[in-house]
Amino acid sequence: MSSYSLPEAVPAASSRRLSGNAVWALLLSLPLLWLLVFLIVPVLVVLIVSFFQPTLSGFERAFTLDNYRALLSSGPFFSTLLNTLLSALITTVVTFLVGFWVAYYLALVVPNLRTRFALFIIALAPFFTSFLIRAVAWIPMMGREGVLNSALLSLGITSQPLDFLLFSNFAVRVAMAQLYLLFMISPIFFSLSTIEPAVLEAARDMGARWWSILWEILLPLARPGIVIGAVFVFVLSMGDFATVRLIGGGASTSVGLSIQNFVTYMQFPQAAAAASILVLVTVLGVVLLLRWGAIGEEL
Amino acid sequence: MRTRGRWFNRFLGLYFALILLFLYGPILVMAVLSFQGPQGGMTFPMRGVGLHWWTRLFEVRASELQEAIIRTLLVAVETGAIAALFSVVIAFAYRRRLPGSSALLPMVLLALMTPGILLGLGMSLWWRILNFQPGHLALLGVHVVWALPFAFLVMIAVLNRFDPRVEESARDLGASEARTFFEIVLPIIWPGILSAALFGFTLSLNEFERSVLVTSQNTLPLQLWAMLTVQIIEPDLYALGTLTVLITFVIVAALFIPTVIGQFRRLGGATPPSEE
């Protein structure tokens, strides 16, 4: 019935049990090789090409630091980098503040396990849809004639349509928070779900206040989930360029978008250098986040 | 204390509903706007109601999109199959602590964390250095890299629920390694493998950031990107978006509903503490 999925395993393994491990090692080399060719090498290639000499149609294999020098001494690139970092930080903090309570509600308030899973999946489902489509869908919400502006106008909250709702840094950050929210909710939901209700009940019986339960039990126990979620959202929003392009119009920039522009003009070494700087800053941010997570465990 | 807690929980329920509105609102607005009349634009107000843009999607756009759709589906099926196969291998090796599996885990994590634009750029440069034509293989390569961590997580979850005693007793009764795997283990974890494959399929279907620099042959998301950034967009785009969202939701439902029901059955409908 199912012998087609691992055909090469049959002749080798059926003879002797001892060869089982050898077969697994052989099978294991396939994903290993795949990840090497399509993940590790491409990342290294970016690093290497960032030191190559740019030419009109590509690059020459001659070592140079000029790509980095040019980028780091360029004011626009620097402010792009800062803007990217700021957007990523804001998105991370906002998704945490918004997402924690969603995870809290799902894991600790919804009593029925079936309802809990169903609600979680309903919240999770949009994540699987096209990222582009979800970004596009923001346009009729946030535009000058969009739903939000019409609502604000008809409620008399504003007298003119608000322009900053679309094609601005603000719009980009709101959209990113929406697009990446699930990456924050899921890990927090899973870590809150592992908490024994008896622990909370005991704390309550001992007279602990609601906020001290939150502060001294829930937050520390949810910390691994929070750190994982924060790393996810931070990394994703650092590398974002589609949201920035579609929602930001021309009014917002990101390093990812600069990379794409460099590639459009065949400036590969510059693109690679920008990507390397982006990765360096991202990794620094992730290390800081993980360190913050580890300190919490020691305390 | 108790009553305050109840009010707070009720408030959280309302809050959760608002978050769902935040997540689904734009999609719903897009779906509604796709039923504009022929004069309709990209925003409210609706100018007439009709299937104008949907018919346009199927009659005019379809031929334009056909190639991209076929290519997207092909890559998605391949990605699902390969990611599922790999995730089974890695998850099993990891469970048995085979040498090499400890090296794979950080790589799977890296696959999850690498920004799409970086992977796409690296892939296109790497292919350029090798003098390969950018195309199907490179695209499949990065799609599998993207889908693998999720498929792996699914398999780990499945194997955690798998009782190792079943495997042991088969072996104790004299079944060979291969026979144990194909006749005992595989039938049990088969639904898990299928969901890993469907996961990969869905992720590949909608993948954009990794693909954009890797291939010159458009997939559906790439075609969408071209339409969005170069052409003047019309509400038939909303129809297309609504359609892909619907298809994705059907797949997600197919993925999760059996799991949820299974979970429910296993627990006998009771509501015990949330231990997995």
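Side chains included, hydrogens not; waters and symmetry mates left out as well; all remaining heavy atoms used. Each chain gets a letter, A, B and so on, in the order its sequence line appears, and its residues count up from 1.
The aromatic rings of B:Phe150 and A:Phe127 sit tilted relative to each other, their planes meeting at an angle between 30° and 60°. By the 30° and 60° cut-offs, the orientation of the rings of A:Phe241 relative to B:Trp225 is perpendicular.
Annotation: maximal heavy-atom pairing with chain B below 4.5 Å, among A:Val136, A:Ile48, A:Leu108, occurs at A:Val136. No other option in A:Arg245, A:Arg134, A:Met238, A:Arg61 has as many heavy-atom pairs under 4.5 Å with chain B as A:Arg245. When A:Ser130, A:Gly239, A:Ser29 are compared by the number of non-hydrogen pairs under 4.5 Å with chain B, A:Ser130 comes out ahead.
Proximity to chain B (any heavy atom under 4.5 Å) is restricted, for A:Val279, to the side chain, taken from C-beta onward. With a threshold of 4.5 angstrom between heavy atoms, A:Leu36 approaches chain B through its backbone and through its side chain. Residue contact with chain B, scored on non-hydrogen atoms closer than 4.5 Å, involves the backbone and the side chain of A:Leu119 alike. Within the 4.5 angstrom heavy-atom criterion, no atom of B:Ala83 approaches chain A. Interface remark: B:Val29 contributes side-chain atoms only to the contact with chain A (heavy atom separation under 4.5 Å). For chain B, the nearby parts of A:Ala272 are the backbone and the side chain; heavy atoms of each come within less than 4.5 Å. The contact between A:Val263 and chain B is made entirely by side chain atoms (from C-beta outward), counting heavy-atom distances below 4.5 Å. For A:Leu35, the parts lying under 4.5 angstrom from a heavy atom of chain B are both the backbone and the side chain. Neither the backbone nor the side chain of B:Ile193 comes within less than 4.5 Å of any heavy atom of chain A. In this structure, chain B has a heavy atom under 4.5 Å from the side chain of A:Leu124, while its backbone stays farther away. Both the backbone and the side chain of B:Ile129 have a heavy atom closer than 4.5 Å to some heavy atom of chain A. With a 4.5 angstrom heavy-atom cutoff, B:Leu28 does not touch chain A via any of its atoms. The part of A:Leu246 that comes within reach of chain B is its side chain, from C-beta onward, which places non-hydrogen atoms under 4.5 angstrom from that chain. In this structure, chain B has no heavy atom under 4.5 Å from any part of A:Leu44.
With hydrogens and angles disregarded, no donor-acceptor distance shorter than 3.5 Å links the side chain of B:Glu209 to the backbone of A:Asp240. Side chain of B:Tyr15 to backbone of A:Val98: a donor-acceptor contact under 3.5 angstrom is found.
Closest non-hydrogen pair, A:Val45 versus B:Gly122, comes out as CG1-O, 4.1 Å. Of all the heavy atoms in A:Ala123 and B:Leu20, the pair that sits closest is CA-CD2, 4.0 Å. Pairing each heavy atom of B:Leu121 with each of A:Ala275, the nearest pair is CD2-CB, 3.8 Å. Among all heavy-atom pairs drawn from B:Leu23 and A:Gln178, the shortest one is O-NE2, 3.2 Å. Shortest non-hydrogen contact noted between B:Ile90 and A:Leu28 is CA-CD1, 4.1 Å. Residue B:Gly141 comes nearest to A:Trp34 through the heavy atom pair O-NE1, 3.3 Å, listed as atom of the first residue, atom of the second, then distance.
To the nearest 0.5 Å, atom OH of residue A:Tyr104 and atom CG of residue B:Leu12 are 6.5 Å apart. From B:Phe249, atom CZ reaches atom CD1 of A:Ile122 across 10.0 Å, with rounding to the nearest 0.5 Å. Separation of atoms CH2 (B:Trp127) and CZ (A:Phe38) is listed at 4.5 Å; rounding is to 0.5 Å. In this structure, CE on B:Met113 lies 10.0 Å from CZ on A:Phe234, to the nearest 0.5 angstrom. Taken to the nearest 0.5 Å, the CZ atom of A:Phe59 stands 6.5 Å off from the CZ atom of B:Arg128. Residue A:Ser276 holds its OG atom at 7.5 Å from CG of B:Leu118, rounded to the nearest 0.5 Å.
The shortest distance between side-chain heavy atoms of A:Val37 and B:Trp126 falls below 4.5 Å. Side chains of B:Val89 and A:Leu30 form no contact here, defined as non-hydrogen atoms less than 4.5 Å apart. You'll find the side chain of B:Leu112 reaches within 4.5 Å of the side chain of A:Phe232, heavy atoms only. Within the 4.5 Å cutoff, the side chain of A:Leu181 has heavy atoms near those of the B:Ile19 side chain. For the pair B:Leu110 and A:Ile40, the minimum side-chain heavy-atom distance is below 4.5 Å. Looking only at side-chain heavy atoms (C-beta outward), A:Thr129 and B:Thr244 stay at 4.5 Å or farther from each other. For the pair B:Phe208 and A:Ile133, the minimum side-chain heavy-atom distance is 4.5 Å or more.
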